[in-house]
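Input: a single structure, listed below in structure tokens.
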Amino acid sequence: MEIGANDIKEIVVISGKGGTGKTSIAASFGYLSGDDVIMADCDVDAADLHLLMKPDFAYSEDFYSGELAFIDSDKCTSCGECAEVCRFDAITLRNGSYAVDALNCEGCGYCTRICPASAISNIKQQVGRFYISSTRTGANMVHARLNIGADNSGKLVAKVKNETKRLAAAYGRKTIIVDGSPGVGCPVVSSLSGADLAVMVTEPTKAGLHDLKRIYELVQKFRIKAGCIINKYDLNPEISEQIRIFLRGNNIRELGAFPYDEKFTMAINQAKTIVEYDRSGLGRLIRACRETMHLMINEKQML
Amino acid sequence: MNIAIASGKGGTGKTTLSVNLAALFAEERKIVLADLDVEEPNSGLFLQGDPVSEGVRYKYIPEWEESTCTLCGECQKVCNFHAVIQLASQIMIFPELCHSCYTCSELCPTDSLPMIPQRMGMLKHSKDGMIDFVESRLDIGQEQAVPLIAQTIEYLGEHFGENTIKLFDSPPGTACPVIEVIKNADFVILVTEPTPFGFHDLKLAVETVKELKKPAAVVINRYGSGPADEIIEFCHTSDIAVLASIPNNRRIAELYSGGELIYTKVPEVRTELEKIKNHILKQWK
């Protein structure tokens, strides 16, 4: 059944700070939804969702983005103009001839355009691979792997998101769950773009609160509904209270609060989601959290 | 000597290790700690320094000079990042896509795209006893961390000698921000945790340092929270030393949560940090 793009709701799980439990929680939501959902791993440079979802990597495709300058040493007259115009120190003189340092080259093509001997060409870069899979929970999953040190992670994230939306429409899935990346830079911006709900996972630590405030500032720029999960809430009750004051002050709904519990880690160690590993304890809390989340996403008004 | 404290996975304890190690070094010598995780800088939450200097950091982007522009379209043609677009009667610039390569500006036949500074973040330098602390913070909405990281490393080079030990608290991942840090490091400490996530991302991080041909060692954090055999075996076959193992316990998590130093209150942590410190000093001599 083909469904309209407007019927598809996209939930992005983000955290600002790494290691707050984002991936474990996203995978749990995915598990609870069975095949009624499409998962997307947008943490393309340190992707971990596949370790819990066990995708089959059924379809894969190279991802090309950006370019790299290449100097043909036979044509190069060593005039040095390329090195002069390069703003990235990417062209250096080695044993009398100029060469491009791939790690520094941004692929702007300035050198290629001005080389008097036409010795430089720009080559399209394969910066990663992206995959469409079936997973052990029945959900389809779109994921990717950025090559080490590759630029353009934002573009690969955008590709993952677009493919996810296309699949959701084609298969008639109404919910997309996105495991976002840490930080506030380009991959996160791409993760949030077009989402219906941002689920911010935080922890009651000074760093957790600090990063929550920054990521919320970014979420606000996108005018997306936002909810928050406080993981390990009992680790530091004072900061948990500060988080709650921040949430109330900004009309952000608290979707759930989970206690500090080693079962979180134990579940990962058995490659299971928390809802499978600890059905009655943490699992119950996550199920409740998911229900609130779905109520929230279907509310018409912006909260 | 530049030492990067990095990890593929976020939340493994980079900042905890950076701050505590800096404080341990500072018991007997001067040390510079730089928070280069400019998207989410957190080291400063653990230090109480007196400000030394503070300044806005800029990147350069083109600005359209309508009066001299002939709408020849050269700028749009030469921009590989689609940051300059020509419309019917105007040139539009998308600063978030601009890589500050100057191509459009310098190849414009009428000099109608002068490069002007645009704010991307702040750099703060403070001093907490023997610790010089430098932190950069990317403005929300700015997407590119690399130019700010590069400027911060440049600042460190201008203000501190080659012989000063500089600790870089790095961004997570394996993409361009962390590469910018590691390529400027002499030695990399990779922090991991004994979970499948930690192990998986450690393998990526090791691949990264090997690609950049940097010497590296591993610190296992939350040791005991899961089986570490695979990690230790992997480090052994990759010829990478495991320098220390920081135990997993709630007390450490609580101290961290409140922004407190850990090694001064948990003796086992001091013992482990001493191992790292001695390894670094041995490298440095």
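Every chain is numbered from 1, with letters handed out A, B, ... down the list of sequences. Hydrogens, waters and symmetry mates are skipped; everything else that's a heavy atom, side chains included, is used.
- Annotation: side chain of Arg250(B) is in contact with side chain of Leu235(A) (closest heavy-atom distance under 4.5 Å).
- Of residues 205-218 of chain A, those residues with a non-hydrogen atom less than 4.5 Å from any non-hydrogen atom of chain B are, in numerical order, Thr205(A), Lys206(A), Ala207(A), His210(A), Asp211(A), Arg214(A), Ile215(A), Glu217(A), Leu218(A).
- Interface summary for chain A: among Gly198(B), Gly173(B), Pro196(B), the most heavy-atom pairs under 4.5 angstrom belong to Pro196(B).
- With a threshold of 4.5 angstrom between heavy atoms, Ser225(B) approaches chain A through its backbone and through its side chain.
- Ser100(B) OG to Glu106(A) CD: the interatomic distance, rounded to the nearest 0.5 Å, is 9.0 Å.
- Residue Glu230(B) qualifies as open at atom CD: its count of foreign heavy atoms under 6.0 Å is 12 or below.
- Annotation for Lys214(B): atom NZ counts as buried by contact number, over 12 foreign heavy atoms lying within 6.0 Å.
- Asn80(B) contributes atom CG, which lies 13.0 Å from atom OH of Tyr110(A) (distance to the nearest 0.5 angstrom).
- Arg87(A) and Glu106(B) are joined by a salt bridge, as a carboxylate oxygen and a charged side-chain nitrogen come within less than 4.0 angstrom of each other.
- Of all residues spanning residues 137-146 of chain B, those with a heavy atom less than 4.5 Å away from chain A's heavy atoms are Arg137(B), Leu138(B), Ile140(B), Gly141(B), Gln142(B), Glu143(B), arranged by number.
- Across Leu45(B), Ile179(B), Asn42(B), the residue that shares the most heavy-atom pairs under 4.5 angstrom with chain A is Asn42(B).
- Crowding of Glu238(A) atom CD: a count of heavy atoms from other residues, nucleotides or ligands under 6.0 Å not exceeding 12.
- Heavy atoms of Glu67(A) lying under 4.5 Å from chain B belong exclusively to its side chain.
- The closest side-chain heavy-atom distance from Pro204(A) to Ser257(B) is not below 4.5 Å.
- Atom CG of Asn104(A) is separated from atom CD of Glu180(B) by 7.0 Å, given to the nearest 0.5 angstrom.
- Contacts with chain B were tallied for Val188(A), Leu103(A), Asp43(A); Leu103(A) has the most, counting heavy-atom pairs under 4.5 Å.
- Contact count against chain B (heavy-atom pairs under 4.5 Å) is highest for Arg113(A) among Glu203(A), Lys221(A), Arg113(A).
- Between atom CD1 of residue Ile148(A) and atom OG1 of residue Thr208(B) there is a gap of 3.5 Å, rounded to the nearest 0.5 Å.
- Among Gly44(B), Gly258(B), Gly8(B), the residue making the largest number of heavy-atom pairs under 4.5 Å with chain A is Gly258(B).
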Verdict with reasoning, Val189(A) to Glu96(B), per side-chain contact (heavy atoms from CB on, under 4.5 Å)
CA-CA 11 Å; Val189(A) 169; Glu96(B) 68 281 7; over 6 Å; no
Can you give me every donor-acceptor pair (side chain of residues 44-53 of chain A, partner residue at least two apart or in another chain, under 3.5 Å) with its distance?
unit_1: Asp45(A); atom_1: OD2; unit_2: Thr174(B); atom_2: N; d: 2.7
unit_1: Asp45(A); atom_1: OD2; unit_2: Ala175(B); atom_2: N; d: 3.1
unit_1: Asp48(A); atom_1: OD1; unit_2: His200(B); atom_2: ND1; d: 3.1
unit_1: His50(A); atom_1: NE2; unit_2: His200(B); atom_2: NE2; d: 3.4

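- Expressed to the nearest 0.5 Å, how far CZ of Phe197(B) lies from OG of Ser24(A) amounts to 4.5 Å.
- In terms of heavy-atom pairs under 4.5 angstrom with chain A, the leader among Ser7(B), Pro194(B), Gly10(B) is Gly10(B).
- Annotation: salt bridge (charged side-chain N to carboxylate O under 4.0 Å, His left out) contacts involving residues 188-198 of chain B, sequence neighbours excluded, comprise Lys9(B)-Glu193(B), Glu193(B)-Arg222(B).
- Contacts between Lys77(B) and chain A at a heavy-atom distance below 4.5 Å involve the backbone alone (N, CA, C, O).
- Residue with the most contacts toward chain B among Ser153(A), Ser15(A), Gly107(A): Gly107(A) (heavy-atom pairs, distance under 4.5 Å).
- To the nearest 0.5 Å, the span separating CD on Glu40(B) from NZ on Lys17(A) amounts to 10.0 Å.
- Within a 6.0 Å radius of NZ in Lys183(B), more than 12 heavy atoms belonging to other residues, nucleotides or ligands are found.
- When each of Leu212(B), Asp201(B), Thr195(B) is checked for heavy-atom pairs under 4.5 Å with chain A, Asp201(B) comes out on top.
- Between chain A and the options Asp37(B), Asn248(B), Ile182(B), the largest number of non-hydrogen pairs under 4.5 Å is found for Asn248(B).
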side-chain contact (heavy atoms from CB on, under 4.5 Å) between Phe88(A) and Cys101(B): does it pass, once the steps are laid out?
CA-CA 8 Å; Phe88(A) 309 104; Cys101(B) 69; 3.7 Å; yes
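- Of the two parts of Asp234(A), the backbone and the side chain both hold a non-hydrogen atom closer than 4.5 Å to a non-hydrogen atom of chain B.
- If you measure heavy-atom distances from Pro41(B) to chain A, the contacts under 4.5 Å come from both the backbone and the side chain.
- For Thr15(B), no part lies near chain A; criterion is any non-hydrogen pair under 4.5 Å.
- Interface remark: Val38(B) contributes backbone atoms only to the contact with chain A (heavy atom separation under 4.5 Å).
- Thr103(B) and Cys108(A) get closest at one heavy-atom pair: OG1-SG, 4.0 Å.
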